[in-house]
Protein chains: 2
Amino acid sequence: MNDPHENSSDALLKLESQLCFPLYAASRMLTKAYQPYLQALDLTYPQYLVFLLLWEHEELTVKELGEKLLLDSGTLTPLLKRMEQKQWLSRRRDPRDERSVIIRLEVAGRALREQACHIPEQLLGHMGMTKEEFEALRTQLNTLLTKLC
Amino acid sequence: MNDPHENSSDALLKLESQLCFPLYAASRMLTKAYQPYLQALDLTYPQYLVFLLLWEHEELTVKELGEKLLLDSGTLTPLLKRMEQKQWLSRRRDPRDERSVIIRLEVAGRALREQACHIPEQLLGHMGMTKEEFEALRTQLNTLLTKLC
DNA sequence: CTGAATTTAATTGCACACAATTAAACATTG
DNA sequence: CAATGTTTAATTGTGTGCAATTAAATTCAG
């Protein structure tokens with residue numbers, strides 16, 4: 001552990017010492033844990049995040065979605081077009097400001113909510129955490145997120 | 001906060017209630033924070049992770065890299081080919097088992113270490129956390145990661 | 001009111017991620 | 001040792017992510 005030839009930069013450069021790797025890996029593995037539930041609804045994980053917002057708001061501009069999800073139009077535009085193809089939502093220009101595109105939840109998208117509403121509970125099981133651990137981690141990640149933005 | 005029409009499934013279905021979103025977003029934002037440092041070395045973030053392992057081990061099979069990074073050959077093969085093109089590493093079949101491909105750190109890759117070794121310290125600044133907060137979060141993420149694998 | 005600056009999406013190009021399939025090398029078993 | 005099964009990478013196809021550029025609409029300054 002205390003190799004005299006290893007200085008502090010060496011130790012910090014190991015994969016094991018990183019915060020970034022468990023964050024990166026846990027994010028991907030959690031997405032993978034959602035997979036079976038989302039696949040049953042023909043949804044991808046980022047599409048599910050879009051739905052979480054539309055189920056709350058019904059109507060949002062691309063800009064608003066991007067601000068809330070921290071994604072830009074290069075990611076959102078093709079993703080939303082795929083969701084439009086499945087008739088889950090509509091995309092139309094705002095008549096009052098033609099620069100904006102309004103994303104609106106459509107009937108088929110609203111109907112998906114009923115099938116999705118138990119996903120969070122089911123995922124809790126996969127994480128095997130107490131409610132306290134869950135909340136503590138969520139708070140710390142939100143704090144980190146704020147500092148990184 | 002306590003809308004009588006909102007049941008527990010409704011509350012859990014909001015983006016704000018999720019653990020997955022801050023995990024997903026913080027992971028991407030942290031990768032973005034690495035960007036300027038990695039770009040200076042012509043590196044992407046997953047390539048940097050491969051280097052962290054090769055600087056420790058010098059030689060690893062694709063399978064070993066995949067196990068440590070939780071990535072499969074569909075991701076690693078093209079990524080490693082790009083790194084080979086830059087002469088950072090070599091890819092050759094193991095003579096004792098032709099199924100395995102051995103990834104070996106080359107001179108140019110070894111030289112990158114000197115330029116990269118201060119990246120972890122520089123990133124610590126961006127996260128604005130105490131060493132204790134850093135360690136606590138790292139431990140919790142590793143625990144979650146274990147449960148998800 | 002007009003030219004310049006700003007805002008907003010879309011587009012382009014590149015690099016992951018990952019499921020699913022393929023193919024080659026090796027191991028096992030009868 | 002031959003047939004079968006397993007392991008390991010590579011390949012294919014789809015869907016993000018994101019930097020950089022483009023283009024249209026709006027706002028702002030003079």
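First the proteins, then the strands, lettered A, B, ... as listed; each starts at 1. Only this structure's heavy atoms are used, side chains among them; waters, hydrogens and symmetry mates stay out.
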Give the residues of [range] touching DNA chain C, defined as any heavy atom closer than 4.0 Å, sorted by residue number.
range: residues 52-71 of chain B; value: B/L70, B/L71
range: residues 140-149 of chain A; value: none
range: residues 72-105 of chain A; value: A/S73, A/G74, A/T77, A/K81, A/R91, A/R93, A/R99, A/S100, A/V101

May I have the list of side-chain donor-acceptor pairs in residues 48-57 of chain A shorter than 3.5 Å, sequence neighbours left out?
{"from": "A/W55", "atom 1": "NE1", "to": "A/G109", "atom 2": "O", "distance (Å)": "3.0"}
{"from": "A/E56", "atom 1": "OE2", "to": "B/L15", "atom 2": "N", "distance (Å)": "3.4"}
{"from": "A/H57", "atom 1": "ND1", "to": "A/L53", "atom 2": "O", "distance (Å)": "3.1"}

The complete set of side chain to side chain donor-acceptor pair (under 3.5 Å) pairs with one or both residues in residues 99-108 of chain B, sequence neighbours excluded, reads B/E59-B/R104, B/S90-B/E106, B/D97-B/R99
With sequence neighbours excluded, give me every side chain to side chain donor-acceptor pair (under 3.5 Å) pair touching residues 140-149 of chain B. A/Q140-B/Q140
Under the side-chain hydrogen bond (donor to acceptor under 3.5 Å, both in side chains) test, residues paired with [X] that sit two or more places apart:
X: B/R138; value: B/E135
X: B/R92; value: none
X: A/R91; value: A/E84
X: A/Y37; value: A/H126

Could you identify which residues of residues 27-51 of chain B place a heavy atom less than 4.0 Å from some atom of DNA chain D, listed by residue number, or say none? B/R28, B/K32
Please confirm whether the backbone N or O of A/L13 pairs with a side-chain atom of A/S17, one donor and one acceptor, at under 3.5 Å? no
Determine whether a donor-acceptor pair (N or O, by modelled atom type, separation under 3.5 Å) exists between the side chain of A/E64 and the backbone of A/T61. yes
Go through DNA chain D in 5' to 3' direction and return only the first and the last nucleotide with some atom under 4.0 Å of chain A's heavy atoms. D/dG15 to D/dT26
Would you give the length of the straight line joining atom CG of B/L80 to atom CG of B/L65, rounded to the nearest 0.5 angstrom? 6.0 Å
Salt-bridge test for A/K63 and A/E67: reply yes if a basic N is under 4.0 Å from a carboxylate O, no otherwise. yes
Trace of the side chain to side chain contact (heavy atoms under 4.5 Å, CB included) decision for A/I102 with A/R93: CA-CA 6 Å; A/I102 297 176; A/R93 293 278 165 183; over 6 Å; no
Trace of the side chain to side chain contact (heavy atoms under 4.5 Å, CB included) decision for B/L23 with A/L137: CA-CA 9 Å; B/L23 188 58; A/L137 184 51; over 6 Å; no
Does the side chain of B/K32 reach to within under 4.5 Å of the side chain of B/M29, using non-hydrogen atoms? yes
Just wondering, do B/T77 and B/V101 contact through their side chains at under 4.5 Å, heavy atoms? no
